[in-house]
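Just so you know, ligand 1 is whichever comes first in the structure, and atom 1 is the first atom listed for that ligand.
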Amino acid sequence: MPRVYAVVNQKGGVGKTTTAINVAANLPQLGLSGLIVDMDPQGNTTSGLGIVRSELSRSVYNVIIDGEDINEIVRPTGVAGLDILPSHRSLAGAEIELINLARRERRLLYALEALRVPYDYIIIDCPPSLGLLTVNCLVAAEYMLIPIQCEYYALEGLGALTHTTQLIQRELNPRLKIGGIVLTLFDPRTTLALQVAQQVRAQYPEKTFRTVIPRNVRLSEAPSHGMPITQYDPTSRGAVAYEELTKELIAR
Ligand code: ADP
Ligand code: MG
């Protein structure tokens, strides 16, 4: 059975996609196989792994809306040992289309259950909302990996996420739990970042990963080259941090 993580936070720009890509890319180096699922219509995970979305004929959209065979649509990435279920712009419409479908909250779960490849880890990159696409992610996952950007309003959004999580645990997925909280875009030169980090740790002492992801320009450059940081600049501070984070996650 794969361990399924949803990288989730309804705020945009907090490092979900960067975390999904770079944790997933570290798995093969640690002897583990992975599948990354891009559930964001913006498709930054897909393009960030070097896949040209306009050339894709089918995507996760066809899997969850049309019920097409996931095994036919999963494809390799440039990282050996890491496959992807790519996203497509059409997924933007899925938020509405799902409403009228049977078992609308479980479409991704059923698709993942039909996978023939026994992956060690499945990492799902969620869109920046708490709509039906994210609900599908949280029903399919056992663990939430929550990136928190070290800034003023960081903790404010956690209330809404906690509320959604409780509803999903009660109604749809009792196994769902917080796998970990990761502090991202950390700039140690600002007092604010230090304060937010301290606050998050005080509130979630067990859940917050020891590893902190620094603000590192190499991490922001890598996606435009279609590479994870492990390939783009494996000795950068960002690369070292994501390797440490992945090790910590696996050890939990
Ligand atoms: P989300 O998926 O939550 O919207 P992203 O991972 O796409 O967030 O990150 C938002 C932007 O910040 C992107 O341009 C990304 O390249 C950049 N970014 C993310 N993490 C870092 C980091 N640790 N250092 C520098 N830039 C980062
Ligand atoms: Mg994203």
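Arg189 CZ: 12 or fewer foreign heavy atoms inside a 6.0 Å radius.
Between Tyr242 and Asn26, the side chains place no donor N or O within less than 3.5 Å of an acceptor N or O (distance only, hydrogens not considered).
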Determine, stepwise, if the pair His225 / Tyr232 fulfils ring pair (Phe, Tyr, Trp, His ring centres under 6.0 Å).
CA-CA 8 Å; His225 299 267; Tyr232 180 65; 4.7 Å; yes
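Under the 4.5 Å side-chain criterion, counting only non-hydrogen atoms from C-beta, Val182 is not in contact with Ile148. For the pair Pro41 and His88, the minimum side-chain heavy-atom distance is 4.5 Å or more.
Salt bridge annotation for Glu151-Lys11: present, with a cationic side-chain nitrogen under 4.0 angstrom from a carboxylate oxygen. Electrostatic pairing of Arg3 and Glu142 does not count as a salt bridge here, judged by no charged N lying under 4.0 Å from a carboxylate O.
Near ligand 1, heavy-atom contacts under 4.0 Å come from Gly12, Gly13, Val14, Gly15, Lys16, Thr17, Thr18, Leu185, Ile213, Pro214, Arg215, Asn216, Leu219, Ser220.
Distance check, rounded to the nearest 0.5 Å: CG of Leu245 to CD1 of Ile213 gives 5.0 Å.
Protein N/O/S atoms found under 2.8 Å from the Mg ion (ligand 2): Thr17 OG1.
Across all non-hydrogen atoms, the minimal contact from Val8 to Leu138 is CG1-CD2, 4.2 Å.
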